[in-house]
Number of protein chains: 2
Amino acid sequence: MRDVAKLAGVSHQTVSRVINDHPNVRAETRERVLAAMRSLNYRRNLAARTLATRESHTLGIIGFETTLFGPESMLYGIESAARAAGYLVSVATVRELAHRPVLEAVDRLAQHDVDGIIAIAPKPAVTTALTHAPTGLRCVAVGGAGSGIDPFPTVRVDNVAGARLATQHLLDLGHATVHHAAGPPDWPEAQARVDGWRETLYAAGAMVPPISPGWWDAAAGYEQGRRLANDPSVTAVFCANDRIALGVLRALHEAGRRVPDDVSVVGFDDMPDSGYFMPPLTTVHQDFGELGRRALALLLHHMSRGDGDAPPADVVVAPEIVARSSTAPCRR
Amino acid sequence: MRDVAKLAGVSHQTVSRVINDHPNVRAETRERVLAAMRSLNYRRNLAARTLATRESHTLGIIGFETTLFGPESMLYGIESAARAAGYLVSVATVRELAHRPVLEAVDRLAQHDVDGIIAIAPKPAVTTALTHAPTGLRCVAVGGAGSGIDPFPTVRVDNVAGARLATQHLLDLGHATVHHAAGPPDWPEAQARVDGWRETLYAAGAMVPPISPGWWDAAAGYEQGRRLANDPSVTAVFCANDRIALGVLRALHEAGRRVPDDVSVVGFDDMPDSGYFMPPLTTVHQDFGELGRRALALLLHHMSRGDGDAPPADVVVAPEIVARSSTAPCRR
DNA sequence: TTCGTGAGTGTTACCGTTCTCAACGTGCAC
DNA sequence: GTGCACGTTGAGAACGGTAACACTCACGAA
């Protein structure tokens, strides 16, 4: 920077002004400085800038190690939006969604002076750990089911509404009731899907079948599917996500129950290839990219407002159902 | 830091020594400093450290926006290994794998003083762009097919060997020849899989069927599958990845060709749920997490060696075949 | 005794920005 | 002509660490 100043015949301070688009610089001077910058191939040192301003122009993301489809794809939405806003994105992942590892992740990001944090927080342990972030460090949580009293602004899909959509879709097709292949009971998102499913059945006066605890992958779905396939009264199944649905489809197939002729199946997420399952899966679409972008916008908004007198906003994105061939009118 | 020094009754330099585990500090002094640090809740400012040492302890990853399965899961392998080595990971994604966007991504990371870059580089455009990185900035490319003259150390799976494995597996089952549902021809990885497939057929004296250009997703696989289903001579298909295989499976099913009774199908990647396709997919396993960890190890190694007199190492990871139920002996 | 050596510590400069404040025109109102 | 506001510029001090070097001992060898 000193070299640029010398070459342009100005002080280092004027160079700084040019870099930061300060208005009070004569056009001619600005040109001279810009020319010097170009000829010296000058690039501002962000570490020095961070030291002086206490702003790193870096955002942190806390994710978790998983093969879960959704959270991974969220990263891209966040990163591209952050880039557009002039931020770089740093990642800290945790192996398990517990208090301690999340605290360490926050700490790591804080040490690197991130200006804000977006945490993928499907379980409350993440959110509570976030409350111990250094004061002044803005956080936004994305995912989860929304307790209504979250300590942070939150972005999430309306899981209850999504489950309602799926269940109602099946009821509208004439099914007497809808069974549910549930996710893990200690995940609020899974619980919200159970809630939406159950209340829709209640409202319709339909019988509410029992559920059993599961997990998010196809193997767990297969187990659930075997259980359901044994029950001849099952004509419709709402699965907590598409991967579970994949397992359910296979279990039904093995048991000789045709989909959708004998049993209708609905998923949740709308994974990239679920339109090519056998048969193509009717599912509830979640736009993870959009979720990421909304989370970023919320974070930037809260960062710019300084200390938030505004209540922590809760952005809820509405899911929509994508009807394909795994659902059909009830034949009974 | 000054406050800590004052409280401990030492100079700031001694505090710095304690932080950096410098040996020449008396145990008692060290204790006093540590106590002061604790009581003041002191944390070193990494921006200042970066400014002074010109090392940010941050690594950059260049990825691309995609729903492709592999690259996403690599991030987690890299991040957790980087964390263990004391590095934070920053992400820069590009929308398209072209020269310009990659250059911009490198630039963004360089501005933030990353100590090294791991680029997910399935296409040569990425690697060539990387050669324009500032001198002294270490880069490692992961993915692609390996030209043998890469300007950078590279980590990748041996795609040719994987394709051989898949093709030979089918030939061993008695199939007269093996058809191929290819990926995009301008992706070296897809081309390498074609090469491995073709040379295995040659070696076996089998007829080499024509291929048609494709893409990486199930929709493209479905198109390829329809073409193959029309040809009654097809008894075995090797697909360029699992998503393509999913589409092929569906097309075969719709055409009334049973898998594996009439046609055997093999995929590539071993995605988390491909064991639950219908039928469970025989496929070539790629360990993306391991790939990420190897890439990181290679990067750290090259960073520590200073200016590399060593030739750019090429780490090639061997894939292995996972036999499931989508393949069976030929019935003709 | 004298000197060298090495452990332990402090002093000072420096990394490359931004911030604060002062200084210098210049034009305009009085 | 004087005073004043304002646009433009520069000098110097932060920001919070690390690097280089000097200094002070205690100790052992010459």
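The sequence lines fix the lettering, A, B, ..., with proteins before strands; numbering per chain opens at 1. In this text the structure is predicted, and so the values were computed from the model without any measurement.
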Just how far, in rounded Å, is [atom2] of [N] from [atom1] of [X]?
| X | N | atom1 | atom2 | result |
| --- | --- | --- | --- | --- |
| A/Glu55 | D/dC15 | CD | P | 16 Å |
| A/Arg26 | D/dT9 | CZ | C1' | 9 Å |
| B/Met1 | D/dA14 | CE | P | 18 Å |
| A/Leu51 | C/dT18 | CG | P | 11 Å |
| A/Leu46 | D/dC15 | CG | C1' | 15 Å |
| A/Asn45 | D/dG17 | CG | C1' | 14 Å |
| A/Glu28 | D/dG7 | CD | P | 19 Å |
| A/Asp3 | C/dT17 | CG | P | 10 Å |

(message) I need the single residue from A/Val18, A/Asn24, A/Ile19 that forms a side-chain contact (heavy atoms from CB on, under 4.5 Å) with A/His22. Which is it?
(response)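 For A/His22, the side-chain contact (heavy atoms from CB on, under 4.5 Å) check succeeds only for A/Asn24.
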
Examine [N]: is either OP1 or OP2 under 4.0 Å from a nitrogen or oxygen in the side chain of [X]? Give yes or no.
| X | N | value |
| --- | --- | --- |
| B/Arg2 | D/dG16 | no |
| B/Arg44 | D/dT18 | yes |
| A/Thr29 | D/dT9 | yes |
| A/Arg54 | D/dC15 | no |

(request) Starting from the 5' end of DNA chain D, give me the residue, A/Ala52 or A/Ala27, whose nearest nucleotide shows up first. (result) A/Ala27

(message) Pair A/His57, B/His112 - check ring pair (Phe, Tyr, Trp, His ring centres under 6.0 Å), show working.
(response) CA-CA 9 Å; A/His57 286 245; B/His112 281 263; 7.9 Å; no

(request) Please name the pair of heavy atoms, one in A/Val106 and one in A/Ile62, separated by the smallest distance, quoted to 0.1 Å. (result)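 Looks like CG2-CD1, 3.7 Å.
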
(message) Just to be sure I understand the rule, does A/Asn24 reach a base, reach only the sugar-phosphate, or reach nothing, if contact means heavy atoms closer than 4.0 Å?
(response)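 It contacts base atoms.
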
(request) Remember a base hit wins even if backbone is also touched, and classify B/Arg30 as base, sugar-phosphate or nothing at under 4.0 Å, heavy atoms. (result)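 No contact.
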
(message) Could you tell me if the side chain of B/Leu300 sits less than 4.5 Å from the side chain of B/Tyr87, heavy atoms only?
(response) yes

(request) Would you please test B/Ser80 and B/Arg293 for side chain to side chain donor-acceptor pair (under 3.5 Å) and show each step? (result) CA-CA 8 Å; B/Ser80 61; B/Arg293 285 186 290 275; 5.3 Å; no

(message) So if I take residues 10-19 of chain A and measure heavy-atom distances to DNA chain D, which residues fall below 4.0 Å?
(response)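 Those residues whose heavy atoms fall under 4.0 Å from DNA chain D, taken from residues 10-19 of chain A in numerical order, are A/Val10, A/Ser11, A/His12, A/Gln13, A/Thr14, A/Arg17.
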
(request) Would you mind checking if B/Arg108 and B/Glu104 are paired as a salt bridge, meaning a charged N to carboxylate O distance below 4.0 Å? (result) no

(request) Return the set of residues passing side-chain contact (heavy atoms from CB on, under 4.5 Å) with B/Ser11 (not counting sequence neighbours), or none when no residue passes. (result)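 side-chain contact (heavy atoms from CB on, under 4.5 Å) list for B/Ser11, sorted by chain: B/Gln13, B/Thr14.
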
